[in-house]
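Please read all numbers here as calculations on a predicted model, not as lab measurements.
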Amino acid sequence: MQGEYRGDFTRDTFDPLKRFSRVLMQQGRVQLDADWNEQTSILLHYMRSLAADLIGPHGGPAKSDGQPGEGFNISQSDGDGSMMIGKGHYYVDGILCENDVDNLTYTGQPGYPFPNSIVKGVANSSYLVFLDVWERHVTYVEDDSLREVALGGPDTASRAQVVCQVKVPLLAEAQGELQGLVDGFTNALSAADKKTALQNIDIFAADQATFFAQSKSQMRARARHRETSLEPCGIPPESKFRGAENQLYRVEIHRTGLAWNGVKDQKEGNPSGNAKTAATFKWSRDNGCVIFPILMLSGEMATLANLGRDASLSLRENDWVEIVDDTLALQGRSGPLLQIAKIDRDEMSVTFKPHDGPDLPQYDHNDSKHPLLRRWDHRDAGNNLSDGAVLILEGDGEQENYWLQLEDGVEIQFPKLNVNSYRAGDYWLVPARIATGDVIWPMEKNADNNLVAGSLPPHGIDHHVAPLAVISLNAQNQTTVIDLRRTIRRLALPI
């Protein structure tokens with residue numbers, strides 16, 4: 001799926017490399033959500049690939065006179081000089097991007113301000129304006145219209161939402177290179193020079209796409225043998241995964257950064273070194289879908305709409321939960337992680353343990369940001385925590401001390417790479433099954449020709465980017481906008 005999806009799914013079976021063209025339902029068979037979702041992914045992959053092949057990496061429809069349309073056109077307001085975003089359509093990697101708002105300002109976009117993005121330009125500088133496109137998972141908590149009231153409360157299917165955000169990334173270290181490209185473009189006198197300049201801008205934009213793209217990291221997963229069970233109805237002794245139910249584990253990066261260097265203080269053995277800035281992760285045995293809508297949050301106490309439909313989907317003391325709302329989701333930021341101190345099931349409220357971070361957000365009843373608590377399951381992470389998440393410690397090899405244990409025999413490893421950085425929001429999915437006593441994870445041969453767990457890049461979130469414009473400010477803060485959008489030429493139909 002490659003989106004943000006944290007739904008109650010069995011697994012994601014879509015693989016474009018298998019070249020499947022459709023899902024064929026058979027009579028008398030069990031139906032699974034994975035088959036339905038794969039059919040949607042197959043069709044969506046075809047449609048977006050077709051659009052990208054016809055349009056190119058990005059482009060928008062032209063006007064009737066052949067001039068570029070207004071869709072995502074970047075301009076300056078005559079009033080206060082703010083950046084304006086044109087109403088209309090644009091395509092990025094075959095994905096339809098739509099702006100239905102007249103006179104949408106840069107600062108008026110949902111989720112603004114975006115992390116690592118320019119808020120205000122500086123004189124004698126040039127900035128590259130990107131369109132960042134990704135898919136967000138939306139449930140009934142974020143949009144109650146998805147729930148059929150005739151069912152008396154239960155939710156059904158969720159939705160994927162295309163998010164299109166115009167961003168101006170912080171690229172201070174590359175401004176010199178960008179300025180040279182801008183100068184080359186503005187000084188172009190012939191069509192050939194203009195074409196070359198545009199190509200160079202595209203190359204530069206692709207290089208800088210790592211600002212939005214997945215982190216340069218990988219992960220391995222496996223299930224290990226554990227002690228045998230003497231219970232007559234227990235899991236078979238040869239089982240590696242020791243869970244009582246099938247699970248879809250989600251391992252998600254919480255804090256952006258490099259891996260922890262493993263240094264601990266000598267007195268108490270607590271993480272030190274670069275632990276305060278190192279990358280961290282959190283994990284869930286239910287793909288992060290266990291959520292609790294917040295009715296009100298004041299201080300260290302939150303009143304919730306419910307506490308889950310059963311014990312396995314509820315909250316317990318010492319659970320770690322993340323506060324999430326629409327703004328944080330649209331900004332691609334992780335919310336604060338807090339630990340449950342007390343639960344009042346009569347009042348449907350929870351009290352958090354004291355924390356060292358900034359003050360918590362405050363929410364009133366029916367808050368338009370749709371706040372919620374998301375439960376994570378890293379309760380027993382020992383003292384390798386930083387701000388409530390688990391520090392990423394890289395390792396190589398099959399020895400057990402190179403692996404990080406989740407639960408019930410499921411283990412993960414972040415292998416060391418030449419360039420390894422982690423970005424908040426990126427995640428891996430690890431299906432674990434009772435029938436096999438194992439996880440569903442690809443295998444590969446190592447240097448000794450032995451089968452071992454393979455290394456995979458993040459499952460998502462995939463960001464698709466396209467350059468829209470270059471904005472240059474002179475010493476008097478006067479602005480020049482260079483349009484970098486591509487135009488889709490209309491086909492001439494025979495009369």
Side-chain angles (χ1 to χ4, degrees), residues 1-59 91-97 133-139 146 156-163 213-214 217-223 241 246-252 286-289 410 425-445 451-465:
M1 291 181 283
Q2 286 77 48
E4 182 204 35
Y5 315 115
R6 298 184 177 92
D8 187 10
F9 309 123
T10 55
R11 58 182 177 137
D12 181 15
T13 59
F14 174 66
D15 183 354
L17 298 180
K18 292 184 177 180
R19 308 292 185 257
F20 292 152
S21 61
R22 68 181 74 183
V23 175
L24 300 174
M25 185 181 296
Q26 301 183 82
Q27 60 181 348
R29 304 304 200 275
V30 175
Q31 293 190 27
L32 294 177
D33 62 286
D35 296 328
W36 172 286
N37 293 331
E38 183 174 348
Q39 174 60 66
T40 303
S41 296
I42 289 172
L43 180 59
L44 198 58
H45 173 71
Y46 171 80
M47 296 299 296
R48 289 177 174 174
S49 297
L50 176 64
D53 289 340
L54 295 176
I55 298 169
H58 59 92
Y91 291 84
V92 180
D93 291 337
I95 302 173
L96 171 62
C97 305
V133 185
W134 53 283
E135 283 190 297
R136 177 192 176 198
H137 186 224
V138 178
T139 69
L146 301 183
T156 55
S158 55
R159 303 291 187 271
Q161 179 186 60
V162 175
V163 179
Q214 294 178 349
S217 58
Q218 294 187 357
M219 194 190 81
R220 304 170 65 199
R222 71 181 186 185
F241 169 57
N246 297 321
Q247 305 290 357
L248 180 60
Y249 287 90
R250 183 188 187 94
V251 179
E252 182 174 319
D286 299 292
N287 190 29
C289 74
V410 178
D426 285 339
Y427 66 94
W428 293 261
L429 298 179
V430 186
R433 298 295 181 256
I434 297 174
T436 61
D438 206 348
V439 298
I440 301 175
W441 194 265
M443 305 294 287
E444 62 184 22
K445 289 186 177 182
L451 278 177
V452 297
S455 298
L456 296 182
H459 195 87
I461 303 171
D462 282 355
H463 286 250
H464 305 263
V465 298

J.: I need the Asp426 CG to Ile461 CD1 distance, nearest 0.5 Å.
T.: 7.0 Å
J.: To check you understand the geometry: which heavy-atom pair defines the closest contact between Pro458 and Ser217, and what is its length?
T.: CD-O, 3.4 Å
J.: Would you say the side-chain atoms of Gln161 pair up with the backbone N or O of Arg136, donor to acceptor, closer than 3.5 Å?
T.: no
J.: How far does CD of Gln31 sit from CH2 of Trp36, to the nearest 0.5 angstrom?
T.: 9.0 Å
J.: By side chain to side chain donor-acceptor pair (under 3.5 Å), which residues pair with Asp438, not counting sequence neighbours?
T.: none
J.: With sequence neighbours left out, what residues match Tyr249 under side-chain contact (heavy atoms from CB on, under 4.5 Å)?
T.: Phe241, Gln247, Trp283, Arg285, Leu406, Glu407, Asp408, Val410, Val430, Ala432
J.: More than 12 foreign heavy atoms under 6.0 Å from CE of Met443: is that the case here?
T.: yes
J.: Specify whether His459 and Tyr427 have parallel, tilted or perpendicular ring planes, treating 30° as the upper limit for parallel and 60° as the lower limit for perpendicular.
T.: tilted
J.: Are the side chain of Asp33 and the backbone of Phe9 linked by a donor-acceptor contact shorter than 3.5 Å?
T.: no
J.: I'd like to know if the side chain of Trp428 and the backbone of Leu456 have a donor-acceptor N/O pair within less than 3.5 Å.
T.: yes
J.: Pairs in or reaching into residues 42-59: which pass salt bridge (charged side-chain N to carboxylate O under 4.0 Å, His left out), with residues at least two apart or in two chains?
T.: Arg48-Glu135
J.: Might you confirm whether atom CZ of Arg29 has over 12 heavy atoms from other residues, nucleotides or ligands at distances under 6.0 Å?
T.: yes
J.: Could you list the residues that satisfy salt bridge (Lys or Arg N to Asp or Glu O under 4.0 Å) with Asp93, not counting sequence neighbours?
T.: none
J.: Which distance, rounded to the nearest 0.5 Å, do you find between the CG of Asp35 and the OG1 of Thr10?
T.: 8.0 Å
J.: Sequence neighbours excluded, which residues qualify as salt bridge (Lys or Arg N to Asp or Glu O under 4.0 Å) partners of Glu252?
T.: Arg6, Arg250, Lys282
J.: Rounded to the nearest 0.5 Å, what separation is found between the CG atom of Asn37 and the CG atom of Leu32?
T.: 10.5 Å
J.: Are the side chains of Leu429 and Leu248 in contact, using a 4.5 Å heavy-atom criterion?
T.: yes
J.: So which heavy atom on Thr13 is nearest to which on Ala34, and how close?
T.: OG1-O, 3.6 Å
J.: Side chain to side chain contact (heavy atoms under 4.5 Å, CB included) between Thr139 and Leu146: does it pass, once the steps are laid out?
T.: CA-CA 7 Å; Thr139 69; Leu146 301 183; 5.7 Å; no
J.: Under the rule for ring-ring contact (aromatic ring centres under 6.0 Å, His included), what residues qualify as partners of Trp441, not counting sequence neighbours?
T.: none
J.: Looking at Cys289, is its backbone amide N or carbonyl O close enough to the side chain of Asn287 to form a donor-acceptor pair, meaning the two atoms are under 3.5 Å apart?
T.: no
J.: Write down the atom of Arg22, the atom of Leu24, and the distance for their closest heavy-atom approach.
T.: CD-CD2, 3.2 Å
J.: Any heavy-atom pair between the side chains of Asp8 and Asp286 that's under 4.5 Å?
T.: no
J.: Between CZ of Arg220 and CD of Glu444, what distance do you get to the nearest 0.5 Å?
T.: 7.0 Å
